[in-house]
Amino acid sequence: MAERTRAARKAPKFVKPATREIVRARVLATARISPTFVRVTIGGDAVSTIGPMGFDHWFRMFFPVPGRRGFTLPSATDDRWWPEYQVIPDDERPVLRNYTFRRFRAAGAGSYGDTAEIDIDFASHGDLGPASAWANTVSAGEEIGVLDEGIGYV
Ligand SMILES: Cc1cc2nc3c(=O)[nH]c(=O)nc-3n(C[C@H](O)[C@H](O)[C@H](O)COP(=O)(O)OP(=O)(O)OC[C@H]3O[C@@H](n4cnc5c(N)ncnc54)[C@H](O)[C@@H]3O)c2cc1C
């Protein structure tokens, strides 16, 4: 029993995806699903490279500073993306926040086109933070960056 408890304690908490690369995605649709939640659906060819991992699957989202169009994304496919991000000039550096995949639809099974689709539910708190402001005003066609982080807590 003690052995099993010790083994359980040592089990890794994280499950990372097999490959990690920041990919570009597009907003396909938005919907206010309650007074305090906005659902943003993203898709695109590169989104099809992300495999659903189940409950608590999360990702890092890169998006433009509200009111500004366009941004530069890090290109490293390992942990060097972070120092690369930090040295992007202020006027090109996207905002970075973490989100949970609410729902996946595989390519061909989407609601808005042929590519894979991902729903993200944003807690909406007005203009208090850049992500909330972005989710409240974003429209279809806007580009974001996505870095799949896998599962944070097994
Ligand atoms: C692993 C992980 C997964 C996450 N998944 C989701 C997700 O699926 N959906 C989601 O909405 N968020 C999620 N978050 C939180 C998300 O990363 C941001 O912190 C959140 O969207 C707020 O970002 P912001 O830029 O709007 O505000 P920030 O700039 O972070 O905060 C500015 C101010 O806004 C206010 N504020 C921030 N959040 C809230 C809130 N929820 N309600 C009321 N006021 C608030 C506070 O006053 C805060 O000081 C997740 C975080 C982690 C670590």
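Note that ligands are numbered from 1 as they come in the structure, with each ligand's atoms numbered from 1 the same way. Keep in mind it's a predicted model, so treat the numbers as computed, not measured. Both backbone and side-chain heavy atoms feed into the values below; hydrogens, waters and symmetry mates do not. We number each residue from 1, following the sequence as shown.
Considering F14, F104, Y153 in turn, F104 is the only one that fulfils the ring pair (Phe, Tyr, Trp, His ring centres under 6.0 Å) rule with H57.
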Side chains of residues 59-69: which donor-acceptor partners sit under 3.5 Å, not counting sequence neighbours?
residue	atom	partner	partner atom	Å
R60	NE	E149	OE2	2.6
R68	NH1	D90	O	3.4
R68	NH1	D91	O	3.3

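Annotation: D127, atom CG; neighbour count of heavy atoms from other residues, nucleotides and ligands within 6.0 Å does not exceed 12.
Protein residues having a heavy atom under 4.0 Å from any atom of ligand 1 are W58, R97, N98, Y99, T100, D121, F122, A123, H125, L128, G129, P130, A131, S132, listed by chain and number.
Side chain of E143 to backbone of R24: no donor-acceptor contact under 3.5 angstrom is found.
Side-chain N/O atoms of W81 and E21 include no donor and acceptor closer than 3.5 Å. Residues D119 and T41 have side chains that bring a donor and an acceptor to within less than 3.5 angstrom of each other.
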